Amino acid sequence: MDEYTFTENFNNQGRPSKTYLCYEVERLDGDATIPLDEYKGFVRNKGLDQPEKPCHAELYFLGKIRSWNLDRNQHYRLTCFISWSPCYDCAQKLTTFLKENRHISLHILASRIYTNNHFGCHQSGLCELQAAGARITIMTFEDFKHCWETFVDHKGKPFQPWEGLNVKSQALCAELQAILKTQQN
DNA sequence: ATTTTCAAT
């Protein structure tokens with residue numbers, strides 16, 4: 001991913017009409033975590049501006065996971081950094097996937113919380129996803145930095161945080177915690 | 001075309 005794409009999409013104060021999702025996979029073996037570099041990359045959604053059928057980024061990600069045919073006798077942790085948190089529909093599909101694939105753990109780190117929904121309530125989607133075992137958090141400075149170093153063609157340049165990164169991240173984190181807490185009661 | 005949250009208006 002080039003620098004511009006990363007900054008344009010992951011800046012937590014922006015609101016681009018597209019979504020990028022960066023993913024990486026580790027195999028868990030007792031206390032050890034073994035990174036699987038062959039399963040690392042990013043996808044973006046297909047929007048109305050493209051010839052293909054519109055499709056949210058998460059569904060491409062699910063397709064990729066399925067194509068890997070990860071060994072059901074092993075345990076894996078998938079980490080995905082997504083510029084918009086999953087909508088209700090995608091959250092449901094991820095929930096179903098996790099229930100059917102107990103050998104896979106999922107950690108979702110979102111830059112921003114997506115709230116534009118037509119077919120349901122994004123809050124309950126995220127809650128169900130959490131209840132299915134997913135860990136859902138908001139990206140912090142360290143997460144943006146990790147993404148930069150892992151997925152961006154940074155040409156040796158260090159990650160440069162934008163103005164207000166931490167303040168926004170903290171605000172979104174509080175918002176997400178309120179969402180995830182409300183529905184547990 | 002404008003405003004814009006994986007578009008919607």
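Order of the sequence lines fixes the chain letters, A, B, ..., with proteins taken first and strands second; residue numbering starts at 1 for each chain. Since this is a predicted model, take the numbers as computed values, not measurements.
- For the side chain to side chain donor-acceptor pair (under 3.5 Å) test, no residue two or more places apart in sequence or in another chain qualifies with S169(A).
- To the nearest angstrom, P of dA7(B) lies 11 Å from NZ of K46(A).
- By the 5.5 angstrom centroid cut-off and the 30-degree plane limit, W84(A) is classified as stacked against the base of dT5(B).
- Residue F144(A) forms a ring-ring contact (aromatic ring centres under 6.0 Å, His included) with just one option from F10(A), W162(A), F151(A), and that option is W162(A).
- N12(A) places its CG atom 15 Å from the P atom of dT5(B), with the value rounded to the nearest Å.
- Side-chain contact of H75(A) with S105(A): a donor-acceptor pair under 3.5 Å is present, judged by distance alone.
- Rounded to whole Å, the distance from CG on L126(A) to P on dT5(B) is 18 Å.
- Between the P atom of dC6(B) and the CG atom of L62(A) lies a distance of 19 Å, rounded to the nearest Å.
- K40(A) forms no cation-pi arrangement with Y23(A), by the criterion of a distance under 6.0 Å to the ring centre and an angle within 45° of the ring axis.
- Protein atom CZ of R44(A) is 16 Å distant from nucleotide atom P of dT5(B), rounded to whole Å.
- Figure legend. dT2(B) is base-paired to dA8(B); pairs are counted as Watson-Crick or G-U wobble with both atom distances under 3.5 Å.
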Interface polar pairs with nucleotides 1-4 of chain B, N/O, under 3.5 angstrom:
| from | atom 1 | to | atom 2 | distance (Å) |
| --- | --- | --- | --- | --- |
| dT4(B) | O2 | S17(A) | OG | 3.4 |

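- Taking a cutoff of 4.0 Å between a charged side-chain nitrogen and a carboxylate oxygen, D143(A) and K145(A) do not qualify as a salt bridge.
- In this structure, W68(A) contributes its side chain and G63(A) its backbone to no donor-acceptor pair below 3.5 Å.
- Atoms CD (E52(A)) and C1' (dC6(B)) sit 14 Å apart, rounded to a whole Å.
- Going from atom OH of Y20(A) over to atom P of dT5(B) covers 18 Å, rounded to whole Å.
- Among the protein residues, S85(A) comes within range of the nucleic acid bases, having at least one heavy atom under 4.0 Å from a base atom.
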Exercise. Apply ring-ring contact (aromatic ring centres under 6.0 Å, His included) to F81(A) and H146(A), showing your working.
Key: CA-CA 10 Å; F81(A) 303 90; H146(A) 174 80; 5.5 Å; yes
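- Nucleotide dC6(B) holds its P atom 15 Å from the OH atom of Y60(A), rounded to whole Å.
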